Amino acid sequence: QVQPVESGGGLVQAGGSLRLSCAASGLPFSSYAMGWFRRAPGKEREFVASISRSGDATYYANSVKGRFSISRDNAKNTLYLQMNSLKPEDTALYYCAKGRGVVIGATPAFYDIWGPGTQVTVSS
């Protein structure tokens, strides 16, 4: 099964920035909402942000609102997550996911194809 592939993770100090990318070649990218989730060690998978097909509507978890920005380039079949003012509690494996439809949902049930994830580690 074709799946999206994340990149851009790494180790950064608190207060720093990272930009994650999600390449979705082979998927009908522009027809579906997309989302970012994360899983910290010992915790459940957590919603981060989602975006509509055209990119004109976005939705964020309260924990990242004002610090993270989701965007997409449909011509490049690529999803992005700009992360600023990073905190140690942002440390997690970050996943992108393709929506089942056009709804920009905040739970995993709204998404059906997941990438393997990229690790983000924020040191204090």
Side-chain angles (χ1 to χ4, degrees):
Q1 173 177 305
V2 177
Q3 66 177 165
V5 179
E6 304 90 344
S7 62
L11 174 64
V12 63
Q13 288 188 328
S17 298
L18 282 174
R19 188 194 197 201
L20 305 185
S21 298
C22 171
S25 300
L27 294 173
F29 184 75
S30 62
S31 298
Y32 297 91
M34 296 290 295
W36 286 99
F37 287 75
R38 66 187 182 187
R39 187 193 297 272
K43 294 188 177 181
E44 297 289 321
R45 184 170 44 184
E46 174 188 33
F47 169 75
V48 175
S50 56
I51 189 167
S52 63
R53 291 179 298 172
S54 64
D56 59 354
T58 56
Y59 184 52
Y60 296 93
N62 287 336
S63 59
V64 307
K65 199 173 296 182
R67 300 187 298 122
F68 290 12
S69 178
I70 187 173
S71 61
R72 65 191 297 165
D73 185 336
N74 286 343
K76 296 181 178 180
N77 277 15
T78 303
L79 178 72
Y80 302 99
L81 184 69
Q82 178 67 43
M83 305 186 296
N84 299 326
S85 302
L86 282 161
K87 304 175 181 180
E89 50 263 45
D90 294 318
T91 294
L93 188 63
Y94 282 72
Y95 304 90
C96 71
K98 170 193 159 295
R100 293 183 184 276
V102 301
V103 175
I104 47 173
T107 64
F110 284 96
Y111 301 87
D112 58 359
I113 300 177
W114 298 77
T118 186
Q119 179 67 37
V120 172
T121 303
V122 184
S123 63
S124 57

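Treat the numbers as computed from the prediction; the structure is a model and nothing was measured. Throughout, numbering of the chain's residues begins at 1 and tracks the sequence.
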Filter on disulfide (SG to SG under 2.5 Å), then keep only pairs touching residues 21-108, sequence neighbours left out; what's left? Cys22-Cys96

Does one hydrophobic cluster hold both Leu18 and Ile70, with members joined at side-chain heavy-atom distances below 4.5 Å? yes

Could you grab the distance from atom CG of Leu81 to atom OH of Tyr94, nearest 0.5 Å is fine? 7.5 Å

Do Leu20 and Met83 have side chains that approach each other closer than 4.5 Å (heavy atoms only, starting at C-beta)? yes

Whether the side chain of Asn74 engages the backbone of Arg53 through a donor-acceptor N/O pair (distance < 3.5 Å, no angle test) should be reported. yes

Donor-acceptor under 3.5 Å (Arg39 side chain, Gly117 main chain): no

Considering only residues two or more places apart or on different chains, which pairs with a residue in residues 76-92 satisfy side-chain hydrogen bond (donor to acceptor under 3.5 Å, both in side chains)? Ser17-Asn84, Arg38-Asp90, Arg67-Asp90, Gln82-Asn84

Non-hydrogen atoms of Gly16 and Val12 that approach each other most closely: CA-CG2, 3.9 Å

Is the backbone of Ala33 close enough, under 3.5 Å, to the side chain of Arg72 for a donor and an acceptor to pair up by distance? no

Which residue pairs satisfy the ring pair (Phe, Tyr, Trp, His ring centres under 6.0 Å) criterion with at least one member in residues 40-73, sequence neighbours excluded? Phe37-Phe47, Phe47-Tyr59

Can you give the donor-acceptor pairs under 3.5 Å from side chains of residues 102-115 to other protein atoms, not counting sequence neighbours?
| residue | atom | partner | partner atom | Å |
| --- | --- | --- | --- | --- |
| Tyr111 | OH | Gly105 | O | 2.7 |
| Asp112 | OD1 | Lys98 | NZ | 3.1 |
| Asp112 | OD2 | Lys98 | NZ | 3.2 |

Which pair of heavy atoms, one from Leu93 and one from Gln119, lies closest together, and at what distance? CD1-N, 3.6 Å

Test of understanding: clusters of I, L, V, M, F, W, Y form through side-chain heavy atoms closer than 4.5 Å, transitively. Do Leu79 and Tyr32 belong to the same one? no

Just grab all the disulfide (SG to SG under 2.5 Å) pairs involving residues 24-81, residues at least two apart or on different chains. none

Here the pair of heavy atoms bringing Asp73 nearest to Phe29 is O-CE2, 3.9 Å

Cluster link Val120 to Tyr95, ILVMFWY, side chain under 4.5 Å: no

To the nearest 0.5 angstrom, please state how far the OG atom of Ser124 sits from the CD atom of Gln13. 9.5 Å

Keeping to residues at least two apart or across chains, list the salt bridge (charged side-chain N to carboxylate O under 4.0 Å, His left out) pairs with something in residues 8-19. none

